[in-house]
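Beneath this line is the structure, given in structure tokens, with notes to follow.
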2 protein chains.
Amino acid sequence: MRKSGRPTMVDVAADAGVSLKTVSRVINGQPNVDAALIERVNASIARLGFHRNALAASLRSGSRDTIGFLAADLSNTFYLTVAAAVSTVAIGRGMQVIMASSEEDARSERTLALDLCQRRVGGLILVPAGDDQSYLGGEVAAGTPVVFLDRPGGGLDGDAVLIDNRGGAHAAAAELLRDGHERIALLFDSPSIFTMTERRQGFLDAFAEAGRTPDPALLVSDLHTPATARDAMERLLEAEHPPTAVFCANNRSTIGALEAILPRDADVAVTGFDDFELAQVLPRRIRIVDYDTAHLGTVAAEMLFARIDGDDSHPSHFLLPTHLVDRGGYIR
Amino acid sequence: MRKSGRPTMVDVAADAGVSLKTVSRVINGQPNVDAALIERVNASIARLGFHRNALAASLRSGSRDTIGFLAADLSNTFYLTVAAAVSTVAIGRGMQVIMASSEEDARSERTLALDLCQRRVGGLILVPAGDDQSYLGGEVAAGTPVVFLDRPGGGLDGDAVLIDNRGGAHAAAAELLRDGHERIALLFDSPSIFTMTERRQGFLDAFAEAGRTPDPALLVSDLHTPATARDAMERLLEAEHPPTAVFCANNRSTIGALEAILPRDADVAVTGFDDFELAQVLPRRIRIVDYDTAHLGTVAAEMLFARIDGDDSHPSHFLLPTHLVDRGGYIR
DNA sequence: CTGAAAGCGCTAACAG
DNA sequence: CTGTTAGCGCTTTCAG
């Protein structure tokens, strides 16, 4: 009967000598089927090695059984951790996750997001690479909810799940100021990145509140890698008036700063945004603006599923709290 | 015309005043369509905000446009890195990746793998959690290729992409022996894990080749976390005859061992399997059995696509080479 | 170059 | 409790 490889429900029905609909009922666990028939159908399913085609099922029923997660950079541990959390929530709901990465490219983001929509995902968690997501307007209107993650979306009204970047940076800088530091450096990446401007702003806010102004010579931007951050830190340390403290706006900057500070045992207090592996093993104590990365994914997934379940309240922004914690610092 | 939300190709055809088939041709870029009609159809597509339903397309055509990646533990950076590499290859082929995690549970693995097959993935990359994948026999026979990753599968003939665990551990131990170490400890996780028994075997092989036998008191197993590895290392250091070197069979063990060794500045040479973030910043030089994690994913994806493209040669095993490298060790 | 008809494998509606 | 009939949205024949 089966012309092309896999057995279908029609084959099972023929084999079991029942109707197609009875097979469907058995497979979907619907009530009101005679026990003997259930037995017979199950036997045929096993004998033929039948597996239901989920694509056909969802085409007909219109149900969605996957969600999309479009990261900005899947090679970044941060997004991967988020992705794992999203996946856990989804699987708990019997759904699976299609993941993709825009590689921080706005055009890729658009292509991939629309591609996911063509696959009729039930919803989309999106880390914006570009600043305009209005191209998703049609999909959202047609009932595919979108939740922005890590960065707010543009041109589209949607939920967003963000780290409290500004609050965390503010707390870090305020603490350094309270500790009496006069010269505090700031190492950060490109100001075109949302999280970077937020963290810088938190840093500056703390100065403003203390009635202070940071030395512009100590604010270094465009540090994309630990190596560039290390070089920048080395220059600061060798300058005439080196900083007594440094705030690193992401973990790549922190690692780079430490690569400059530790070998020369420089007397500089270090506070960094983002935790990292092995921070515990550092030979000196540093402060970290920490947060629960996985929770970001969990919250995003839960918001998305709430929308899928029909929540049509006004789009909201969730701010993930941060905490200042100690890392490293064992006695040598 | 559109009763339920999204416009369909029928709607586009009606709007453009052409047949359904013409719309299909335009959308799929098939030749032999009048330029004026293409124009008209594209205008209608834009006006209606049409997006093709990829599910319906692949149901009818039988084509597959996703592959499945089933990791053993998506919260582990290793699998996440692999996943990212797989995704990159897939997207380069216009396919997307559905990811899931069995959480090291054989039953979950089975459920999720079969679920992915029900979604008609074009192929499956699988990190076995259990030791029997014969349940996939039917799917493989029906044309869904499977590639095992990190661990060989059981009960099913399939390609496998593995790290050269034994060779890497062998090289590490041989080097320590050449360096004259008499007492070399081995810290590892459960022997029920494939990679662990392979690495232990490589370690033991090196001893055998040198005509030596390791002290059983220095071989510690079942270290699942850095904390337990740290405790084990502390006990070894405080014993009557402490080791002069330690080989840690995974990065959790390495981190734990360092947490014991660094604070007391113990004179123990450290070699670890698996690199880790921040290994560069360590205050002392250690040796690492390193390998290209992403490449593992790339190779697995390429093997899978070769199968999808019809390669029906005998299943093969790919062994990813390892390299001994220095980490850490800046001048204090 | 274009179109009408059939059907992928399943579920939904409505009968019996 | 069971079966028959449509039809999801698209691609694939096969005719014009």
Side-chain angles (χ1 to χ4, degrees), chain A residues 1-41 44-45 48-65 115 117-120 122 142-143, chain B residues 1-41 44-45 48-65 115 117-122 142-144:
Chain A
M1 195 82 235
R2 90 193 79 141
K3 36 248 141 188
S4 68
R6 288 186 159 80
T8 73
M9 277 172 48
V10 175
D11 299 327
V12 174
D15 187 85
V18 298
S19 82
L20 177 60
K21 180 61 204 177
T22 300
V23 175
S24 171
R25 285 199 180 95
V26 171
I27 286 169
N28 295 295
Q30 283 166 6
N32 301 332
V33 183
D34 187 87
L37 284 191
I38 294 182
E39 205 49 48
R40 203 131 58 84
V41 169
S44 296
I45 288 174
L48 300 178
F50 167 82
H51 290 290
R52 144 179 182 284
N53 184 330
L55 258 49
S58 61
L59 172 60
R60 178 64 244 239
S61 69
S63 67
R64 311 293 172 77
D65 47 16
D115 189 347
C117 289
Q118 289 200 12
R119 287 187 162 111
R120 294 297 184 265
Chain B
M1 194 79 234
R2 90 194 79 142
K3 36 246 142 185
S4 67
R6 288 184 160 81
T8 73
M9 277 171 49
V10 174
D11 300 327
V12 173
D15 186 85
V18 298
S19 82
L20 178 58
K21 177 62 204 177
T22 300
V23 176
S24 172
R25 285 199 180 94
V26 172
I27 286 169
N28 295 296
Q30 284 165 4
N32 301 333
V33 183
D34 188 87
L37 284 192
I38 294 182
E39 205 48 50
R40 206 132 54 87
V41 168
S44 295
I45 287 174
L48 300 178
F50 168 83
H51 291 290
R52 147 176 179 285
N53 184 331
L55 259 48
S58 58
L59 172 61
R60 179 63 243 242
S61 69
S63 67
R64 311 291 172 79
D65 47 16
D115 188 347
C117 289
Q118 289 200 12
R119 290 193 159 108
R120 294 296 183 268
V121 292
T144 305

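No experiment lies behind these values; they were computed from the predicted model shown.
Proximity of A/Arg6 to B/Thr144: side-chain heavy atoms (C-beta onward) are separated by under 4.5 Å at one or more points. Residues B/Val12 and B/Leu48 form a side-chain contact, since some pair of their non-hydrogen atoms from C-beta on lies under 4.5 Å apart. Side-chain contact check for A/Ile27 versus A/Phe50: some heavy-atom pair is nearer than 4.5 Å. Taking 4.5 Å as the limit, every side-chain heavy atom of A/Leu55 sits out of range of all side-chain heavy atoms of A/Leu59.
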Listed pairs, N/O of protein and of nucleotides 12-16 of chain C, under 3.5 Å:
from: C/dA12; atom 1: N7; to: A/Lys21; atom 2: NZ; distance (Å): 3.4

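Inspection of the B/Arg119 and A/Ser58 side chains reveals no N or O donor paired with an N or O acceptor under 3.5 Å.
Between B/Ile38 and the options B/Val33, B/Thr22, B/Val18, a side chain to side chain contact (heavy atoms under 4.5 Å, CB included) holds for only B/Val33.
Note that the CG atom of A/Asp65 and the CZ atom of A/Arg120 stand 13.5 Å from one another [nearest 0.5 Å].
End-to-end axis angle of the helix from C/dC1-D/dG16 to C/dG16-D/dC1, using five pairs per end and rounding to 10°, comes to 30°.
Taking 4.0 angstrom as the limit, B/Thr8 places none of its side-chain polar atoms (N or O) nearer than this to OP1 or OP2 of D/dG9. When the side-chain nitrogen and oxygen atoms of B/Thr22 are compared with OP1 and OP2 of C/dG3, one or more of them lie within a distance under 4.0 Å.
Atom CG of B/Asn28 is separated from atom C1' of D/dC10 by 9 Å (rounded to the nearest Å). The separation between A/Leu59 atom CG and C/dG7 atom P is 17 Å, rounded to whole Å. The distance between atom CG of A/Leu48 and atom C1' of C/dG9, rounded to the nearest whole Å, is 15 Å. A straight line from CG of A/Leu55 to C1' of C/dG7 spans 16 Å, rounded to a whole angstrom. In this structure, CG of A/Asn53 is placed 18 Å from P of D/dC8, rounded to the nearest angstrom. Protein atom CG of B/Asp34 is 8 Å distant from nucleotide atom P of C/dC1, rounded to whole Å. Protein atom CD1 of B/Ile45 is 10 Å distant from nucleotide atom P of D/dC10, rounded to whole Å. Atoms CZ (B/Arg64) and P (C/dC8) sit 15 Å apart, rounded to a whole Å.
For the pair A/Asn28 (side chain) and A/Gln30 (backbone), a donor-acceptor distance under 3.5 Å is absent.
Between D/dC10, D/dG3, C/dG3, one nucleotide has an atom nearer to the side chain of B/Ser19 than all others, and that is C/dG3.
The 12-atom threshold is not exceeded at CD of A/Glu39, counting heavy atoms of other residues, nucleotides or ligands nearer than 6.0 Å.
Nearest-nucleotide mapping onto DNA chain C: of B/Ala56 and B/Gly17, the residue sitting toward the 5' end is B/Gly17. Residues A/Ser58 and B/Leu37 both approach DNA chain C. Their nearest nucleotides, taken by heavy-atom distance, put B/Leu37 toward the 5′ side.
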